[in-house]
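Heads up, the thing below is written out as structure tokens.
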Amino acid sequence: MKFTFIPINFESFELNNQTYIQVYGRNEKGKRLCILKQFNDWCYIIKDIEKAKKKLDTIKIQEESKNFLGKPVKALKVYTSSSKQTKEIAEKFEVYENDINIITKFLIENKLTPLTLWEIEGELASNNECSNLEVDFVIKAEKITQSQSDIQFHPKFLAYDIETNEFEIGKGEILMISLVGNNFKKVLTWKKQSKKSFVEYFKDEAEMLEAFVKYIKEYSPDFLVGYFSDGFDLPYLRARAEHNKVKLSLGLDNSAPIFSRGRVLSGKIKGITHVDLFRFIQVAYSQYLQSETLSLNEVANELIGEKKNDISHIDMNKTEHTQKHWEDFFEYNLQDSVLTYKLFEKVWPDILEFSRVLQEPPYDVSRDSMSQNVENYILHNLHKFNEIAKHKASHEEISNRIEREKYEGAFVFQPKPGLYNDIAMFDFSSMYASVIVSYNLSLSTLSKEKTNIISEINNKKVYFSKKPGFFPELLKQIIEKRREFKKEYNKNPNPILKARSNAFKLIANAAYGYQGFFGARYYCLEAAASTAYFARENIKSAIKKFEQSNFQPIYSDTDSIAVSLDNKSKKQALDLLKQINEHLPGIMELELEDFYKRGIWVTKRTGEFGAKKKYALITEDNKLKIRGFETVRRDWCNLAREVQSKILKLILTDGNEKKALEYIKETIKKIKERKIELSELVIRTQLKKSIDEYKANTPHIAIARKMIAKNIPINLGMLIQYYIAESDNKKALVRDRAKMIDESGKYDINYYLNNQILPAVENIFEVFNVDINQLIEGKKQMKLGEF
DNA sequence: GACTTGGAGGTACC
DNA sequence: ACTGGTACCTCCAAGTC
């Protein structure tokens, strides 16, 4: 019989020394299928293959002509019936590709891509063979092939969120659980009855947990989606289920979630893809988000324009709540799932396309790091080059790589402080990726012989062969595909094409970091260092060309160049750009980023030189682009950030400092008169490691300690909030004056003037030879008075 | 005791 | 441990005069 379906979820298991792959998915009619396929694992041997041939006892061995790191090798492909058998062979021989995930291998071997249509030949399993699986059909597959046709796929997904009375897993109880799907909204609780139709009341926590399982089974989602659910919701549910002796049988075989330990926990449910949206957003989105934290509230606000409900009026520590409080709490809990649901809808095209482009299951794609994504892309495409995959690095190799010296990175131009008019900004498109491709930089092309691709690392020459290596070739294809899909998207804008082009772009951008990453299979320090080297050479030579044509360079960082147009036309600049491009090597390309009406560069706070990585620009239609300034730094108080951004805007709009000066005078007055709201003065600093690992005793550590003393939960990665208050002790350090935001106190006028406002604006006014210090009757004068 | 210096720490740029 | 290097800036503590 023949079947077609969309594969979503993958499992492997071993039975009687045979590996089986289980693929869960849906057919066009929405029926849920489980495909069962026997799978023979494999590994390669390339050393002493004749000897190995004699000693090996396995199901199938074949001799193959392969490549390893670009060089031809005779290899034995050794098929085994199970991963266990592969492991036994790996103990006796030096083998390759035994360290690739079994599901990845299954997909590679059969040239299959998740979340695309598959064609299956096989038989329906009888009832007693699959009575424990909650799917419509189980199919024992003989043959699986990738279908040539494409169908629209809309998965069923369900968002969930829990509320507890203790943050620490296992300590408290789950008060309520919300579930949101398509036309489906529920809050389950055992705490309080409610008149709200979506709230369902149970007599205790155990019954609520049972109902949670029941509702998920009834809804039958392909994806169960949470936000921070790998680290919180799912483990908490497991802990409470255990405590209440309830079986959390969420899996389609009624198994409980399984947690795998990596850097962080990952929660896996058999047959259903559990997605922790936080993790995907962290990897694929955070770089492009404005949000200062990746909290559900901020991310949802930025991506879908909706916020969490505000329940700050409820005192969580109070044991008795009014009915109104509970009702608000239910709404709040529901809203979190609503946001998660909508966020998944928004992000789904990206997960889908990541999965298709990387050819990895959505469960993995939603959790893998960018370096893992690059590596998966390589592994799935190595067959195009007939390559055997290199080993993962051993612990020893990794520690050696970590200890190695750093190499020289990007070139940053030393700007001359000042206000500039009429600026053209150029940048190299995907610079590092295009350097890798154009100069053929990779592990397999690193050459011991002298060639004419020569870079320099610490005064030592390094050579790369001219014969295209698989890594640069793959990257070239990635860049080409990116361009192709971007073009297609511009012709026919839709979220899928956008996501596809974006997926290729992200992989291309991570390729350079991958070769310099100590955990990479294809780690190559020389390639990474040479990429930076050739990038420096090219940007410096481009800067020189602008200079020679009388375009004064203002600034440059890594892959961008800002020049002053002076009296020259935009056309002249674009003509020069064209000329520069004609002489660039390979696929390298310099593009116009934009023209700007004005821009400002300032000095460093110490020294008279221009500060790098700090500038502000304004476009012809008055849009600001602010880089590096305190305005964009979350560890400065809002007041300083807002004042600075306002001042930059006034100066860049008008071209002079007059209005800005008025504005700063007003602000200083307000601070002195204590007219500033405390919320504007709060400083937020992240706790980057556990509290006792800190050597330095900084304000945010002092506050974190204070919080611990007051039993306020602290966790890694959280933002510690505080303000600086006045103190009687004139010599008190900043950390001694730091107070939690709900601690009573008067804000320290001098601190906010001298340590927040002044540093944020001083250098900007310095460009106009205005000394802002004179406006502030600062510490110095006060101290003179004391003597 | 005032001032300088360097490390720790955090966050941004690309 | 889960891409890379470059850069700015604050706060604190130790050292210098």
Side-chain angles (χ1 to χ4, degrees), chain A residues 262-264 279 282-283 287 292 367-375 392-393 395 398-399 401-402 405-415 427-428 430-433 436 506-525 527-529 531-533 535-536 539 555-560 593 602-607 609-615 625-636 640 683-689 693-702 719-720 724 731 733-738 751 754-756 759-760 762-763 783:
Chain A
R263 192 169 58 90
V264 280
R279 294 185 65 177
Q282 194 174 36
V283 169
Q287 193 181 349
E292 280 166 18
R367 286 174 177 77
D368 284 342
S369 66
M370 224 46 221
S371 65
Q372 189 66 57
N373 286 335
V374 173
E375 193 148 292
K392 271 190 198 163
H395 289 296
I398 287 181
S399 44
R401 290 174 183 182
I402 290 173
E405 254 179 75
K406 278 194 177 187
Y407 59 85
E408 188 181 343
F411 168 72
V412 188
F413 187 92
Q414 174 83 62
D427 58 21
F428 282 92
S430 300
M431 190 188 213
Y432 280 13
I436 293 171
L506 291 183
I507 301 164
N509 286 344
Y512 156 71
Y514 172 81
Q515 295 204 100
F517 166 53
F518 53 79
R521 281 175 199 258
Y522 294 102
Y523 172 81
C524 184
L525 178 71
T531 307
Y533 170 84
R536 286 195 303 272
I539 196 123
Y555 185 62
S556 164
D557 184 348
T558 312
D559 61 353
S560 68
E593 194 261 341
V602 301
T603 56
K604 292 209 286 180
R605 271 187 67 67
T606 51
F609 293 109
K612 297 172 176 180
K613 299 191 186 284
K614 269 182 106 166
Y615 59 90
K625 178 173 171 174
I626 300 179
R627 292 291 119 99
F629 273 111
E630 284 74 4
T631 298
V632 297
R633 295 185 59 93
R634 71 168 180 200
D635 55 348
W636 283 71
I683 297 166
R684 296 174 191 84
T685 316
Q686 195 183 22
L687 206 57
K688 307 265 288 184
K689 47 191 181 186
E693 281 178 72
Y694 280 94
K695 287 180 198 160
N697 197 358
T698 57
H700 82 293
I701 302 305
L719 287 185
I720 303 293
I724 306 303
K731 275 185 278 180
L733 295 168
V734 177
R735 68 158 178 258
D736 298 326
R737 287 178 283 156
Y751 177 83
N754 291 306
N755 297 44
Q756 291 279 329
E762 186 178 25
N763 300 337
K783 273 181 189 156

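Below, read A as the first sequence line, B as the second, and so on, with proteins coming before strands; counting in each chain starts at 1.
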At under 4.0 Å between heavy atoms, what does [X] touch on the DNA or RNA strands: base, sugar-phosphate, or nothing?
{"X": "A/Gly513", "value": "base"}
{"X": "A/Tyr694", "value": "sugar-phosphate"}
{"X": "A/Gly519", "value": "nothing"}
{"X": "A/Asp368", "value": "nothing"}
{"X": "A/Phe629", "value": "nothing"}
{"X": "A/Lys689", "value": "sugar-phosphate"}
{"X": "A/Ala410", "value": "sugar-phosphate"}

Among [options], which nucleotide has an atom closest to any side-chain atom of [X]?
{"X": "A/Phe517", "options": "C/dC12, C/dC8, C/dT3", "value": "C/dT3"}
{"X": "A/Glu630", "options": "C/dT6, C/dC9, B/dC13", "value": "C/dC9"}
{"X": "A/Lys695", "options": "B/dG9, B/dC14, B/dT11", "value": "B/dG9"}
{"X": "A/Pro759", "options": "B/dT11, C/dT10, C/dC9", "value": "C/dT10"}
{"X": "A/Val412", "options": "C/dG4, C/dC8, C/dA7", "value": "C/dA7"}
{"X": "A/Tyr615", "options": "B/dC14, B/dG9, C/dC12", "value": "B/dC14"}
{"X": "A/Ser371", "options": "C/dC8, B/dC13, C/dT3", "value": "C/dT3"}
{"X": "A/Tyr407", "options": "C/dG5, C/dC8, C/dC12", "value": "C/dG5"}

Under-4.0 Å side-chain N/O to phosphate OP1/OP2 contact, [X] with [N]:
{"X": "A/Lys613", "N": "B/dA12", "value": "no"}
{"X": "A/Asn509", "N": "B/dC14", "value": "no"}
{"X": "A/Arg633", "N": "C/dC9", "value": "no"}
{"X": "A/Arg634", "N": "B/dT11", "value": "yes"}
{"X": "A/Ser369", "N": "C/dC2", "value": "no"}
{"X": "A/Lys614", "N": "C/dC9", "value": "yes"}
{"X": "A/Arg735", "N": "C/dA13", "value": "yes"}
{"X": "A/His700", "N": "B/dG9", "value": "no"}
{"X": "A/Tyr751", "N": "C/dC11", "value": "yes"}
{"X": "A/Arg627", "N": "B/dC14", "value": "yes"}
{"X": "A/Gln515", "N": "C/dT3", "value": "no"}

[atom1] of [X] to [atom2] of [Y]: how many Å apart, nearest 0.5 Å?
{"X": "A/Lys689", "Y": "A/Ile701", "atom1": "NZ", "atom2": "CD1", "result": "8.0 Å"}
{"X": "A/Lys613", "Y": "A/Asp557", "atom1": "NZ", "atom2": "CG", "result": "3.5 Å"}
{"X": "A/Phe413", "Y": "A/Lys612", "atom1": "CZ", "atom2": "NZ", "result": "10.0 Å"}

Do you know which two heavy atoms are closest between A/Ile683 and A/Gln756, and how far apart they sit?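 Nearest heavy atoms, A/Ile683 then A/Gln756: CD1-NE2, 3.5 Å.
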Checking the side chain of A/Asp368 only, and the main-chain atoms of A/Asn373 only, is there a donor and an acceptor separated by less than 3.5 Å?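 Checked: no pair found.
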Separation of [X] atom [atom1] from [N] atom [atom2], in whole Å?
{"X": "A/Ile402", "N": "C/dT3", "atom1": "CD1", "atom2": "P", "value": "12 Å"}
{"X": "A/Met431", "N": "C/dT3", "atom1": "CE", "atom2": "P", "value": "23 Å"}
{"X": "A/Arg536", "N": "B/dC14", "atom1": "CZ", "atom2": "P", "value": "18 Å"}
{"X": "A/Asp427", "N": "B/dC14", "atom1": "CG", "atom2": "C1'", "value": "10 Å"}
{"X": "A/Gln372", "N": "C/dA1", "atom1": "CD", "atom2": "P", "value": "16 Å"}
{"X": "A/Asp557", "N": "C/dC8", "atom1": "CG", "atom2": "C1'", "value": "12 Å"}
{"X": "A/Phe413", "N": "C/dC8", "atom1": "CZ", "atom2": "C1'", "value": "19 Å"}
{"X": "A/Lys688", "N": "B/dA12", "atom1": "NZ", "atom2": "P", "value": "9 Å"}

State whether a side-chain donor-acceptor pair under 3.5 Å links A/Glu408 with A/Tyr533.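 Distance-only check fails for A/Glu408 and A/Tyr533.
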Using distance alone, with no hydrogens and no angle criterion, decide if A/Arg367 and A/Gln372 have a side-chain donor and acceptor under 3.5 Å apart.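 A/Arg367 vs A/Gln372: no donor-acceptor pair found between side chains.
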Relative to the ring of A/Tyr512, is the ring of A/Tyr432 parallel (under 30°), tilted (30 to 60°) or perpendicular (over 60°)?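 Perpendicular.
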Distance between the P atoms of B/dG9 and C/dT3, in whole angstroms?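 The same atom, P, in both gives a distance of 22 Å.
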